[in-house]
Amino acid sequence: MITFEGVTKRYGDGTVAVDNLSLQVPTGAVTVFVGPSGCGKTTSLRMINRMIDPSEGRILLDDRDVRAIDPPTLRRGIGYVIQQSGLFPHRKIVDNVATVPYLLGWDKKKARARAMELLERVGLDPALAGRYPFQLSGGQQQRVGVARALAADPPVLLMDEPFSAVDPVVRASLQEELLRLQAELQKTIVFVTHDIDEAIKLGDTVAVLRVGGHLAQIADPATLLAEPADDFVAGFLGKDRGIRRLSFIPASKLRLSTGREVPGWSVALDEDDRPIGWRASGDGDGPLRPFGVFDPAQDSLRAALDAALLAPSGCAIAVDPGGRFAGVVTRETLDEALGRASGEALDPARSAAHARPAAGGDPDAGQAAG
Amino acid sequence: MNDTEPLVRWDWIGRHIPDITERLLDHVIMALVPVLLGLLIALPLGLASARWRGLYQPTVGVMNIVYSLPSLAVFIVLIPVTGLAERTTVIIPLTFYTLAVLVPAVVDGLESVPDHVRQSAVAMGFGPTRRLLRVDMPIAVPVVLAGLRVATVSSISLVSVGALIGRGGLGYYFIDGWQRQFYTPIIVGIVLVMVLAVLADGVLILAQRLLTPWARARRTS
């Protein structure tokens, strides 16, 4: 647990970067600091590992004031990932990853073995270990950055806009990778971003900061989307809050019709029972029409709605984790579920918080309905 | 010199091999000692200038003034102190010239460390000294080596001027040949000085490749 207690950072020229910030970063979860530039999110992050010291207030790391800990010692116990990777250009990838173990005095063999293990863990080819950073793509460098931060197995990870400098496709895959890693490792992560979508996708808790370093709201993403504290937060969250909130409602409660037929249409399957399209009823060899699928076990109501909107029948096809046909959700069933979603209290369970968007679906498809 | 006189008289070279070798060796010593001394002095000066920014401009300013002094004048001023035709009289001014090139090179090299690299070193728990030795200095090496190449080649060529005060290594042959209107020693001197410069530069390029394999390909990317 990291606790900010009335933390203020004031610079010599009178600028206030962070103003009386009090909040708690829970252990083993991702807390995102999000806000426009100048909101003090990076300053707040850097006060945790004493890259910056606060003017007032204190920061506790598991009940110890960080100012009582000698900075290098403190920092070796906190992983750190930044936007431009910060990799050492003169060191091979394996040695970059082993940096903190070396600093902690591990022997070279053990440190390198650990580095190799981490490269694999973050999804990098171990053959890259002997290369230099400039020989890697931006996305690969960021993965190395994450591996390096994890090398000494620190309980806390600070990430300062780590995925901002890569293209959207790579960014999405890095985000997925981080969620996967976090599910395994359960680190206490503080993640800074200016991208609210990234905050909502990654955060268990999201702290929205406004210019001048004020905390505007801190809540889990579903609550944030449903009940923004004020106009600033609502404005920052942007459009389509209603649709986006559906990402946090699991699709597992939807009632499936197990037949392949709906009025006017039927689901066509291949020999492995995987859906290949919709076909007009009674038109045995007719053309296949587009379709969308979702997996009730992992996906959200948003994914199900998206799958329905993609199909001419207006129905979503449910599949099992192997991609085989599991049933159909009709528009009526979806309507009921959407009605419940807007009416019922927010589901505090975070099980579906990171539900995937519709398989192969266009994340913007939902906006067409709005 | 008459028209039948050849441009190079090989027999002269043959008869003077021991003399040529001796002057060549003297030349190498007088050229390279200043570079080594310069490097030894430039490192702490450059580190201090990079650490305390206020020192940088005055240091480089003084270095540039020193660099602008005519070498012959400096030699003459030093003669009463260090003696005529002494190695030291040549080595001292050349050391200053080397410094004028190397101090800015060390500072620029340290400044070439990207800010995000420095920040992440701090964030991972490097103390100031360890960061300097393990991160900043290695990353500065390509820029320092580039400065070292300039300093070395110019030092090799400047030694010749020492001939005017009686200690110029291969430079002696320029004066000797000019006074006698006899080209062979002049050509021997020029060729050997050039060979020395090219060899020294080649050694430094090789060192650069071996020491900083990470920088070679970065330039092409």
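Contact annotation for A/Arg148: only side-chain heavy atoms (C-beta onward) come within less than 4.5 Å of a heavy atom of chain B. In this structure, no portion of A/Arg131 lies under 4.5 Å from any heavy atom of chain B. Both the backbone and the side chain of B/Arg134 come within less than 4.5 Å of a heavy atom of chain A. Only the backbone of A/Leu87 comes within contact range of chain B, judged by heavy atoms closer than 4.5 Å.
Checking each of B/Leu36, B/Ile29, B/Val35 against B/Val33 for a side-chain contact (heavy atoms from CB on, under 4.5 Å) leaves exactly one that passes, namely B/Ile29.
Checked by atom type, the side-chain pair A/Asp195/A/Thr193 shows no donor-acceptor distance below 3.5 Å. Between the side chains of A/Glu161 and A/His194, a donor-acceptor pair is found at a separation under 3.5 Å. Using a 3.5 Å distance cut-off with no hydrogens or angles, the side chains of B/Thr88 and B/Thr82 do not pair a donor with an acceptor.
Residue-level contacts of residues 59-68 of chain A with chain B do not occur; threshold 4.5 Å between heavy atoms. Heavy-atom proximity under 4.5 angstrom to chain B picks out A/Thr99, A/Val100, A/Leu103 from residues 98-110 of chain A.
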Walk me through whether A/Glu56 and A/Arg10 qualify under salt bridge (Lys or Arg N to Asp or Glu O under 4.0 Å). CA-CA 8 Å; A/Glu56 283 165 34; A/Arg10 201 177 293 108; 3.1 Å; yes
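Taking every heavy atom of both residues into account, B/Val66 and B/Tyr97 meet most closely at O-CE2, 3.4 Å. When every heavy atom of B/Gln119 is checked against every heavy atom of A/Arg46, the shortest pair comes out as OE1-NH1, 3.4 Å.
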Please tabulate, one pair per line, all N/O donor-acceptor pairs under 3.5 Å involving side-chain atoms of residues 27-39 of chain A, not counting sequence neighbours.
from	atom 1	to	atom 2	distance (Å)
A/Thr27	OG1	A/Met1	N	2.5

Output a table of donor-acceptor pairs, distance under 3.5 Å, between side-chain atoms of residues 46-54 of chain B and any protein atom two or more places apart or on a different chain; print 'none' if there are none.
from	atom 1	to	atom 2	distance (Å)
B/Ser49	OG	B/Leu45	O	2.8
B/Arg53	NH1	B/Glu111	OE2	2.7

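Under a 3.5 Å cut-off, the side chain of B/Tyr172 and the backbone N or O of B/Ser160 do not form any donor-acceptor pair. Remark: side-chain polar atoms of B/Arg118 are not paired, donor with acceptor, to backbone N or O of B/Asp136 under 3.5 angstrom.
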